Every structure is written in structure tokens, then in C-alpha cells.
K.L.:
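Starting off with a structure, shown below.
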There are 2 protein chains.
Amino acid sequence: MHSIGQLAKRVECPVETLRYWEKEGLLPTPYRGENNYRWYQDSHLERALFIRNCRNLDMSLAEIRQLLSYKDQPDIRCDQVNRLLDEHISHVTERIASLTLLKDTLESLRQRCVTEKNMDACEILVGLSCDQAQGTTDKCSSHLRGAHPGSSRSI
Amino acid sequence: MHSIGQLAKRVECPVETLRYWEKEGLLPTPYRGENNYRWYQDSHLERALFIRNCRNLDMSLAEIRQLLSYKDQPDIRCDQVNRLLDEHISHVTERIASLTLLKDTLESLRQRCVTEKNMDACEILVGLSCDQAQGTTDKCSSHLRGAHPGSSRSI
DNA sequence: TAAAAACCCTAAAGTTACTTCAGGGTCAAG
DNA sequence: CTTGACCCTGAAGTAACTTTAGGGTTTTTA
């Protein structure tokens, strides 16, 4: 039996995140002591590790929910797991490609101003003001986050 | 003079986004007709294009706000613009590196299940349940989004 | 000319995956 | 017995919108 703090240490995530996963139905509700504290079994630990591993692999909670539901039906075929993973991999691949394009655009934009000029002569600002589409218009990545995520998931 | 719908077409973004940028102080409040409709001038168009271009380059609204404030002081030196861009480029570079690592991990995980097994024998699920940290623990990218952004910014 | 379609408005809530905050119990150590 | 570490809940905040609800206006079509 682990307290929520102990579980958090083992899983290397904040206590609040565990409570959040529980509220979202990803982590089963644990036993409560008479002081209303949560007490977790090893099965909870395993599940929490699974979730954290998936999150480290940048899967969404929706994807993880899917995966968990597959996992809870041991008798069916696992090709759906394979498919989910394949799709996730292709999303990541797409995102890499789009960010690489982005980087090229940013670097060529940066090249336009190598000397220190005044603002009104800065070629970067000129480049940004024009009507041509700059960078990826990003039709692809409706699924993958871009360049400014929330704060980190460190312990 | 453009109506908000016309501006949205030119800028290739939803009408709601323009109203949002205005509320956030990025786009100046336009003239209002007697029916309370917004009417934009060419200066608004230019500004909106600037913002959209920056967004296409995956800059945050905070970064854009900075850039716009530089732009509004034509007499000062533009080295701050260069610095902002350099930082943004390095964020994007970091994110690419971390996603590339991620992809490797995902692909090696995917290799573990090439045949169709039952769920309880699926090596992928086994791999995801283990205690070892999988993928990037992502200490770097407190600034760059990951793999699941909001819905796209298409028109 | 009247009704339907297209366009405009505001304010508020929803999205993701948490984090932070406010306010308050519980427990072990000194 | 009090200080600090730990636990609880519920609500609000984060980014950059999107969606919804509810309601005007203008243009088009029948």
C-alpha cells in the first residue's frame, strides 16, 4: 500500500497529476483510509507507470484511455494497439517535418538582418509584414502540439 | 475599409480569431459603424497579416506582442528582434530533437509486436507497463508544444 | 415585399492536461 | 504543543483559440 506521495515519487510525477488522472477515470479510485487519505495497491502503481510512460511518449489522454481499454480486454487481438501506435508515430513524423520546414523559414528570415539596424529598416519585420504565407500553414498537424507546451511534467 | 469577414478572408483565419486578437490587444480596435459592425483599414490588414505570419512561424502571442512593440518604436535598434528570433529558433531546434528521440522510442516499441497476438501477450503493452522511463522525460521543452495541439487554424 | 440566408454582435463556456490557489484537516517529530 | 510535512476538496488559471447561446442587421432570393 502506497500513499499518494509515495506513488508520486515512484511514478515521478506531481501528486496533483495523480489526482487528475483519477478524476479523468484513467486511474481507478483507490481505497480510502478513515482519514480520507488515498491508499494505493501495486496494481495502481503499474497503471500509473503505464500512463506516465505513454505521456512521456507524447500520447494524449484520449489515446491512453483507448490503450487502457484494450489492455483491459486481454482476449481480443492486439492489432488495434498496433494501429494506434502507427498513427501516433505518423503524427510525430508529420510534426517533425513541419517543424523542420518552420526552422528553415525562421533561419532564412533571420538571415535578412545580420547587422544592427533601426527598427524601421529591419528586414525581419518587413518580411513578417508581407502578404505571402510564411512558414507552414500547418494543414497537417491538427493532432500534434507545436512549439509552446504548458509547463514541464518534472517531479 | 474591410468588414471583419473580408479581413478574415484576406488573412486566412476565422473571424473569431480576429476578435480574439483584438481582445488581447494585438490588433487595434477598429472603427465601428452605426450598427456596431467593425470596419478595418489597410493598416489593420497589415498588422493582422504580421500576426498570422508570426503564428504560422509558431510564435506565441507573447512573443508577437514583444515584436509588435519593437515595431512600434522605429527609432531603436533592432538587435532585440534578432535575439527574440534566435531564441525562438533554438526552441524549435530543441523540440525537433526531442521529437526525433521520441519517434525512435516509439518505433522500437512498435517493433516489439509485429504479429497479431492477443492483448495479454502484446509486447507493446508489456513495454509500456514497465518501470523504466520511456521516451524523453522532456526536461528541455518547457516552451515548445508537443504532439497534440488544438484544432487547426485553417480558414 | 417578405422570408430566408448570410453576416454581424456579445458574453460565457469548452478545449487539453494539467498547475496553482484558497482554505482547511491530519500526523510525526521535537 | 506547536511546527512542518503531508493529505483533502473545489475552483480558478494556463494558451490560443473554438463553440455555444442568444440576438441584431443586411443582402439575397422567391
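Since the model is a prediction, treat every value here as computed from it, not as a measurement. All chains are named by letter (A, B, ...) in the order of the sequence lines, taking the proteins before the strands, and each is independently numbered beginning at 1.
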K.L.:
When the distance from CG of A:Leu61 to P of C:dC18 is rounded to whole Å, what number comes out?
P.N.:
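Rounded to the whole Å, the gap is 5 Å.
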
K.L.:
Tell me whether A:Arg47 is salt-bridged to A:Asp72, with the criterion being a basic N under 4.0 Å from an acidic carboxylate O.
P.N.:
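Answer for the salt bridge query: yes.
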
K.L.:
Does A:Trp21 make a side-chain N or O approach to OP1 or OP2 of C:dC18 shorter than 4.0 Å?
P.N.:
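So the side chain of A:Trp21 is within the cut-off, an N or O lying under 4.0 Å from OP1 or OP2 of C:dC18.
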
K.L.:
Should B:Glu16 and B:Lys23 count as an ion pair when the cut-off is N to O under 4.0 Å?
P.N.:
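So B:Glu16 does not pair with B:Lys23 through a salt bridge.
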
K.L.:
Take the protein atom CG of A:Asn36 and the nucleotide atom P of C:dT26, then report the distance between them rounded to whole Å.
P.N.:
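One finds 10 Å between P of C:dT26 and CG of A:Asn36, rounded.
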
K.L.:
If each of B:Asn35 and B:Lys23 is mapped to the nucleotide of DNA chain D with the nearest heavy atom, which maps nearer the 5' terminus, i.e. the 5' end?
P.N.:
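In this pair, the answer is B:Lys23.
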
K.L.:
Just how far, in rounded Å, is C1' of C:dC9 from OH of B:Tyr40?
P.N.:
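Rounded to whole Å, this separation is 12 Å.
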
K.L.:
Over how many whole Å does the gap from A:Leu18 atom CG to C:dT19 atom P extend?
P.N.:
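To the nearest whole Å, that distance equals 10 Å.
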
K.L.:
Check B:Glu63 with B:Arg55, please: is the shortest side-chain N to carboxylate O separation under 4.0 Å?
P.N.:
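Between B:Glu63 and B:Arg55 there is no salt bridge, as every charged N stays at least 4.0 Å from the carboxylate O atoms.
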
K.L.:
Between P on C:dC18 and CD on A:Glu22, what's the gap in Å once rounded to a whole number?
P.N.:
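My rounded result for the distance is 15 Å.
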
K.L.:
Expressed in angstrom and rounded to an integer, what is the separation of A:Glu16 atom CD from D:dT9 atom P?
P.N.:
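The answer, rounded to whole Å, is 12 Å.
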
K.L.:
Taking only the side-chain heavy atoms of B:Arg55 (C-beta and beyond), determine which of D:dT25, C:dC18, D:dA16 contains the nearest atom.
P.N.:
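Nearest to the side-chain atoms of B:Arg55, counting from C-beta on, is D:dA16.
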
K.L.:
Considering all heavy atoms of both residues, which atom of A:Trp39 and which atom of A:Pro30 are nearest to each other, and what is their separation?
P.N.:
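Minimum heavy-atom contact is O-CB, 3.4 Å.
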
K.L.:
Any base atoms under 4.0 Å from B:Arg38, or only sugar-phosphate, or nothing? Heavy atoms, all strands.
P.N.:
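Sugar-phosphate contact only.
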
K.L.:
Would you say B:Ser3 reaches C:dC7's phosphate, i.e. side-chain N/O to OP1/OP2 under 4.0 Å?
P.N.:
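No, no such contact exists.
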
K.L.:
Closer than 4.0 Å, any side-chain N/O of B:Thr17 to the OP1 or OP2 of D:dT18?
P.N.:
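So the side chain of B:Thr17 is within the cut-off, an N or O lying under 4.0 Å from OP1 or OP2 of D:dT18.
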
K.L.:
Can you find a side chain N or O atom of B:Arg19 that sits less than 4.0 Å from OP1 or OP2 on C:dC8?
P.N.:
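It does not, given that no N or O in the side chain of B:Arg19 lies less than 4.0 Å from OP1 or OP2 of C:dC8.
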
K.L.:
Determine, step by step, whether A:Glu22 and A:Leu26 satisfy the side-chain contact (heavy atoms from CB on, under 4.5 Å) criterion, reporting the C-alpha distance in whole Å, the side-chain angles of both residues, the deciding distance to 0.1 Å, and the verdict.
P.N.:
CA-CA 6 Å; A:Glu22 178 184 332; A:Leu26 293 165; over 6 Å; no

K.L.:
Taking CD from B:Glu24 and P from C:dA11, how many angstroms apart are they, rounded to a whole number?
P.N.:
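Rounded to whole Å, this separation is 14 Å.
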
K.L.:
Rounded to whole Å, please give me the gap between OH in B:Tyr20 and P in C:dT15.
P.N.:
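The answer, rounded to whole Å, is 17 Å.
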
